[in-house]
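Data block below; observations after.
Chain A is the first sequence line, chain B the second, and so forth, proteins listed ahead of strands; every chain is numbered from 1.
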There are 2 protein chains.
Amino acid sequence: MSNSDKSVVGRLRKLIGEGAFQQGERLGEVAVAEQLGVSRTPVRLAFRTLEQEGLLHRAGKRGFRVREFTEADVLCAVEVRGALEGLAARRLAEQGLSSALAADLAFWIQEGRDLLAKGYLDEPDIETWGELNRHFHESIVGSAGSSVIGDAIARNNHLPFAAADSIIIDSEALEREYRKLQLAQVQHELVVQALRHGEGARAEMLMREHALIGLRYAELLDVGPHLPV
Amino acid sequence: MSNSDKSVVGRLRKLIGEGAFQQGERLGEVAVAEQLGVSRTPVRLAFRTLEQEGLLHRAGKRGFRVREFTEADVLCAVEVRGALEGLAARRLAEQGLSSALAADLAFWIQEGRDLLAKGYLDEPDIETWGELNRHFHESIVGSAGSSVIGDAIARNNHLPFAAADSIIIDSEALEREYRKLQLAQVQHELVVQALRHGEGARAEMLMREHALIGLRYAELLDVGPHLPV
DNA sequence: CCGCTTCATTTTGGATCCAACTAAAGCATA
DNA sequence: TATGCTTTAGTTGGATCCAAAATGAAGCGG
């Protein structure tokens, strides 16, 4: 809420995400406060927030430790997002798309088509895709009839590797990323198709699969064929 | 971590759950601090925790408001738990049950059978069922290979109506509750059966359905037949 | 009469102080 | 030498103080 408060939480989140602290390292309030140049109070507040976000957890009776993540945790966090976004998609399909939402989704679909139409990817496209991808996912989750799902996803997304916009990993291999985004675009369009037809189960499954694109699609794309789109 | 800190969070959680504050009511730090007889500091810490738990949310640029819940939110929170527990069950089925876990689950299944064997329910049984139900669910979620799912469920369970042990609502109508627990027991046993056979999809769906028992089964049980168990 | 600006009150954020508790080191004794 | 107790340093929680920001009201001007 306040500038500094947010900034302390944000800066710590960033530092943890960047691996500035060792996994499992004990964080003392005074040490962190000095490192960030603030007093203990905002750090204490931030620790509570970060604890709930899952980035820190209590170390016995005193202090906090940096949460350590295994590969299994990464996969699990992605699957959790898939399960939750899938739930949102199912609910949306079952309750029926409003025309406003249908138009909204169609707009982001078209944005994606436009982005990919030129047949390759360059640096600024990554940011553009991130934006439209975020809008697309937020439109679906935000229209599921309750903010509870969105909140759960937001909390899960605090794990740095779980967020939906962590698709782009390698900005060096833009050709592979282009093919990945082609697949993502196809999945987006299929999800919208399912939503339009009220196919709840299909929308859910497509969304769950879509969540895995950042993890499981890389090996396919190195050797796989180009998609005819 | 500290007594008072936990107690402030816990007391506020309880107060909010009991509806001591009006939905959407603005909570001032000083007011709450005086009401609880502590200084502002622990209240400020507690507010951050409760915000992350979803019980409070920021009111514009100043202060927090009590989160207001609609019926749709309640249903959604239960479905979220179902989706997450279902995910845990699926993963568990796919990775295979350890013999230790199989024994553990079998134990809680047997506890459930013993509890229901006498053919009716009395007051202390409610607490007993709550215990074994909690153990059963925790065993599954805690063995899914990562604490990420469990954390997400724990955060969701902070919504007072979403937790798995909020099945028992009406301790006046013990006969209906007995039939509800019979169904819950059957579902537990079916889940374990699916887990044993590695039937991931079935385990997931059973778990998701099981989550709805507190919401959607009441109307059935008023008029429905007794189960032959 | 309406709108903008300014001021005062209220509320929150940050810093500091003190007390309580924890963990570890050191000492003594068996 | 090992075990157990005591002491001590370090860390965290709670309270209070001060400053900054925001909200609401009052006053001024168009």
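- The CD-C1' distance, from A/Glu51 to D/dG13, rounds to 15 Å in whole Å.
- Nucleotide C/dG13 holds its P atom 7 Å from the CZ atom of B/Phe64, rounded to whole Å.
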Using a cut-off of under 3.5 Å, enumerate the N/O to N/O pairs linking the protein to nucleotides 21-23 of chain C.
| unit_1 | atom_1 | unit_2 | atom_2 | d |
| --- | --- | --- | --- | --- |
| C/dT22 | O2 | A/Arg62 | NH1 | 2.9 |

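- The existence of a salt bridge linking B/Arg91 and B/Glu94 is excluded, since no basic side-chain nitrogen approaches an acidic carboxylate oxygen closer than 4.0 Å.
- Taking atom CZ of residue A/Arg48 and atom P of nucleotide C/dG14, one finds them 15 Å apart after rounding to whole Å.
- Of the two residues contacting DNA chain C, namely A/Arg40 and B/Phe47, the nearest-nucleotide position lying further toward the 5' end is that of B/Phe47.
- The side chain of A/Glu29 sits closest to D/dG13 out of D/dA15, D/dG13, C/dT12.
- In this structure, B/Arg208 CZ and B/Leu87 CG are separated by 10.0 Å, a value rounded to the nearest 0.5 Å.
- Rounded to an integer number of Å, the gap from B/Arg26 CZ to C/dT11 P is 7 Å.
- Over its length, the helix from C/dC1-D/dG30 to C/dA30-D/dT1 turns its helix axis by 10°, as judged from the five terminal pairs at each end, rounded to 10°.
- Between the base of C/dG14 and the side chain of B/Arg44 there is a donor-acceptor pair shorter than 3.5 Å.
- Counting to the nearest Å, the P atom of C/dT12 and the CG atom of B/Leu56 are 12 Å from each other.
- At D/dG14, none of the side-chain N or O atoms of B/Thr41 fall inside 4.0 Å of OP1 or OP2 (strictly under the cut-off).
- Between the CD atom of B/Glu34 and the C1' atom of D/dT16 there is a distance of 14 Å, given to the nearest Å.
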